[in-house]
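Reading through the structure tokens given below for one structure.
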Amino acid sequence: MENLKKWIGNNWSTLILTILFVILLVSPDAKAWLMRQVASTGLLNSSISEVKKVRKQLQEYLMQISA
């Protein structure tokens, strides 16, 4: 029992992450909630217009330094 307490004391963060990972694997509701939260941040939304704008700025910069 003392060894278990020592192990938990040393590895508490690993234990918490493992429990969360198992919950995500087992519970469809938890997985759906996590996916909704990630989607709501906007990290998965791509915008082509921003890429074109940056590309145009890069081309203009390269033209200035090559002239």
Just how far is it from atom OG1 of T14 to atom CH2 of W7, taken to the nearest 0.5 Å? 7.0 Å
What residues, two or more places apart in sequence or in another chain, satisfy side-chain contact (heavy atoms from CB on, under 4.5 Å) together with E60? K56
To the nearest 0.5 angstrom, please state how far the OG1 atom of T18 sits from the CZ atom of F21. 9.0 Å
I'd like to check the side-chain contact (heavy atoms from CB on, under 4.5 Å) partners of L20; sequence neighbours left out, ordered by chain and number. I16
Considering residues at least two apart in sequence or located in another chain, which fulfil the side-chain contact (heavy atoms from CB on, under 4.5 Å) criterion with I19? L15, I23
Side-chain donor or acceptor of S27 paired with backbone N/O of L24 under 3.5 Å: no
Grouping ILVMFWY residues whenever side-chain heavy atoms fall under 4.5 Å, the cluster of M35 otherwise contains none
